[in-house]
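Inspection log for the structure reproduced underneath, given as structure tokens.
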Amino acid sequence: MPSTESAKRNAARERTAVSPETECNAGKNTSKILKDKDIREPLFDFLEETYGKIRIFEEKRMGGSRADIVMVTPELVIGIEIKSDADSYTRLRSQVEDYDRYFDQNIVVVGTSHAMHIEEHVPEYWGIITVERVVTETVLPDFYVLRKASANPNMRRKQKLSLLWRPELVRIQALNDMPKYAGKSKEFVIDKILERVPEETLAPQISEELFERDYSMILETINEYRQQHGQKKRRKRRRRKYKPIV
């Protein structure tokens with residue numbers, strides 16, 4: 001007899017699998033498939049309902065990849081990759097390696113065309129959320145947790161801490177009664193924090209800094225810090241089409 005978890009997974013695969021008829025008609029019905037833009041906003045609502053207090057950041061550069069979504073909870077920083085029906089697995093292997101360096105947990109959100117095979121492409125500790133179109137006149141997504149995320153064994157605390165800006169690191173130093181290390185590099189400060197602050201203390205402090213991050217004030221805050229330490233002010237960069245918010 002299959003386990004309850006296996007039965008759930010099999011039921012999810014059957015529910016989200018693409019039928020041969022659907023595959024044959026895919027080219028004729030492309031307006032009906034769920035694309036990234038159809039998934040994001042409803043996904044944010046689903047994540048809030050599932051996790052409670054969260055903050056969502058989009059388009060975070062990490063290593064050679066860009067995280068689609070970074071979700072902050074009071075204790076965790078979670079990376080989320082979206083693979084809609086319009087996407088392929090071409091870059092997923094390198095993306096998995098990059099996500100694993102930075103985040104406490106990782107989740108992949110997949111369209112119906114990927115639901116049958118996604119477990120073959122991500123580690124067993126990655127969470128999997130399937131998304132399918134509700135059968136209506138409009139394109140509406142429905143989400144199902146196929147597998148919950150567990151602790152990422154490959155997360156590097158130094159990489160995770162590097163997500164914070166220097167003024168945010170300064171506040172963590174103050175919270176832990178650490179020296180200011182004036183004139184030292186960001187890397188030096190990160191190493192000292194990791195030496196001095198245990199993970200159970202540091203994890204919620206990192207989350208709190210990300211919850212409180214204010215993009216309307218960050219350039220002013222960074223320049224104030226740089227001026228105090230004899231460094232040149234940063235110029236305001238021209239905005240790109242997307243808004244990188246971590």
Side-chain angles (χ1 to χ4, degrees), residues 44 47-48 50-81 95-108 123-127 148-226 228-229 231 234 244-246:
F44 299 157
L47 293 171
E48 188 171 13
T50 304
Y51 286 87
K53 181 183 178 181
I54 62 171
R55 186 172 183 188
I56 293 290
F57 299 140
E58 297 180 78
E59 305 300 338
K60 163 62 188 160
R61 172 63 74 180
M62 33 111 208
S65 305
R66 190 181 299 280
D68 286 331
I69 299 167
V70 175
M71 179 174 69
V72 182
T73 76
E75 299 287 337
L76 303 171
V77 181
I78 301 173
I80 301 177
E81 175 66 19
Q95 288 171 325
V96 165
E97 292 176 358
D98 287 330
Y99 274 87
D100 271 3
R101 285 199 290 267
Y102 283 84
F103 304 120
D104 298 295
Q105 293 180 2
N106 292 298
I107 298 170
V108 61
E124 60 183 8
Y125 50 86
W126 274 54
K148 289 185 178 180
S150 56
N152 167 22
N154 298 314
M155 187 271 288
R156 300 177 186 174
R157 296 174 67 215
K158 185 170 184 176
Q159 296 299 103
K160 178 186 174 183
L161 195 54
S162 73
L163 295 171
L164 296 185
W165 289 322
R166 189 62 181 267
E168 294 166 338
L169 294 174
V170 168
R171 284 192 289 272
I172 285 181
Q173 290 170 254
L175 283 173
N176 295 285
D177 298 319
M178 292 179 62
K180 293 182 179 180
Y181 301 118
K184 298 295 185 179
S185 67
K186 179 179 177 179
E187 183 177 8
F188 178 92
V189 171
I190 286 175
D191 286 339
K192 288 297 181 182
I193 291 174
L194 293 176
E195 287 175 12
R196 297 278 296 271
V197 186
E199 173 64 15
E200 60 270 20
T201 300
L202 185 58
Q205 290 178 352
I206 292 174
S207 289
E208 184 61 24
E209 288 300 324
L210 292 172
F211 272 121
E212 297 299 322
R213 180 174 286 184
D214 183 352
Y215 278 86
S216 65
M217 297 293 293
I218 191 57
L219 184 62
E220 180 180 337
T221 302
I222 289 175
N223 280 335
E224 181 180 346
Y225 170 86
R226 293 176 71 85
Q228 290 174 354
H229 292 83
Q231 301 172 2
R234 287 186 177 175
I245 55 178
V246 173

Can you check side-chain contact (heavy atoms from CB on, under 4.5 Å) on Lys60 and Leu163, steps first, answer last?
CA-CA 9 Å; Lys60 163 62 188 160; Leu163 295 171; 3.2 Å; yes

Of all heavy-atom pairs between [X] and [Y], which one has the smallest distance, and what is that distance?
{"X": "Arg66", "Y": "Met62", "result": "C-CE, 3.9 Å"}
{"X": "Leu161", "Y": "Ile190", "result": "CD2-CG2, 3.7 Å"}
{"X": "Pro74", "Y": "Ser207", "result": "O-CB, 3.4 Å"}
{"X": "Ser162", "Y": "Lys186", "result": "O-NZ, 3.2 Å"}

Can you tell if the side chain of [X] reaches within under 4.5 Å of the side chain of [Y], non-hydrogen atoms only?
{"X": "Tyr51", "Y": "Leu76", "result": "no"}
{"X": "Lys160", "Y": "Asp104", "result": "yes"}
{"X": "Lys158", "Y": "Asp191", "result": "yes"}
{"X": "Val70", "Y": "Ile56", "result": "no"}
{"X": "Ile69", "Y": "Phe57", "result": "no"}

Residues in side chain to side chain donor-acceptor pair (under 3.5 Å) with [X], at least two apart?
{"X": "Ser65", "answer": "Asp98"}
{"X": "Glu209", "answer": "Arg171"}
{"X": "Gln205", "answer": "Asn176"}

What residues form a salt bridge (Lys or Arg N to Asp or Glu O under 4.0 Å) with Glu200, not counting sequence neighbours?
none

Those residues that, when tested against Pro123, pass side-chain contact (heavy atoms from CB on, under 4.5 Å) (two or more places apart)
Val96, Asp100, Tyr125, Trp126

Could I get the full list of side-chain contact (heavy atoms from CB on, under 4.5 Å) partners for Glu48, not counting sequence neighbours?
Ile54

Nearest-0.5 Å distance that lies between atom [atom1] in [X] and atom [atom2] in [Y]:
{"X": "Phe103", "Y": "Met71", "atom1": "CZ", "atom2": "CE", "answer": "11.0 Å"}
{"X": "Glu208", "Y": "Glu75", "atom1": "CD", "atom2": "CD", "answer": "10.5 Å"}
{"X": "Asn106", "Y": "Ile78", "atom1": "CG", "atom2": "CD1", "answer": "8.5 Å"}
{"X": "Gln159", "Y": "Tyr102", "atom1": "CD", "atom2": "OH", "answer": "4.0 Å"}
{"X": "Gln173", "Y": "Asp177", "atom1": "CD", "atom2": "CG", "answer": "11.5 Å"}
{"X": "Leu175", "Y": "Leu202", "atom1": "CG", "atom2": "CG", "answer": "10.5 Å"}

Taking atom CD of Glu124 as the centre, report whether more than 12 heavy atoms of other residues, nucleotides or ligands fall under 6.0 Å from it.
no

Using modelled atom types only, decide if a donor and an acceptor are shared between the side chain of Arg101 and the backbone of Arg156 within a distance under 3.5 Å.
no

Going through the checks in order, is the side-chain contact (heavy atoms from CB on, under 4.5 Å) test met by Phe44 and Glu58?
CA-CA 11 Å; Phe44 299 157; Glu58 297 180 78; 3.8 Å; yes

On the six-membered ring of Tyr181, is Lys184 placed so that its NZ or CZ lies under 6.0 angstrom from the centre and within 45° of the ring axis?
no

Hey, mind stepping through Leu210 and Leu164 against side-chain contact (heavy atoms from CB on, under 4.5 Å) and telling me if it holds?
CA-CA 8 Å; Leu210 292 172; Leu164 296 185; 3.8 Å; yes

Check the pair Glu168, Arg166 against side-chain contact (heavy atoms from CB on, under 4.5 Å), reporting the backbone distance first and the verdict last.
CA-CA 5 Å; Glu168 294 166 338; Arg166 189 62 181 267; over 6 Å; no

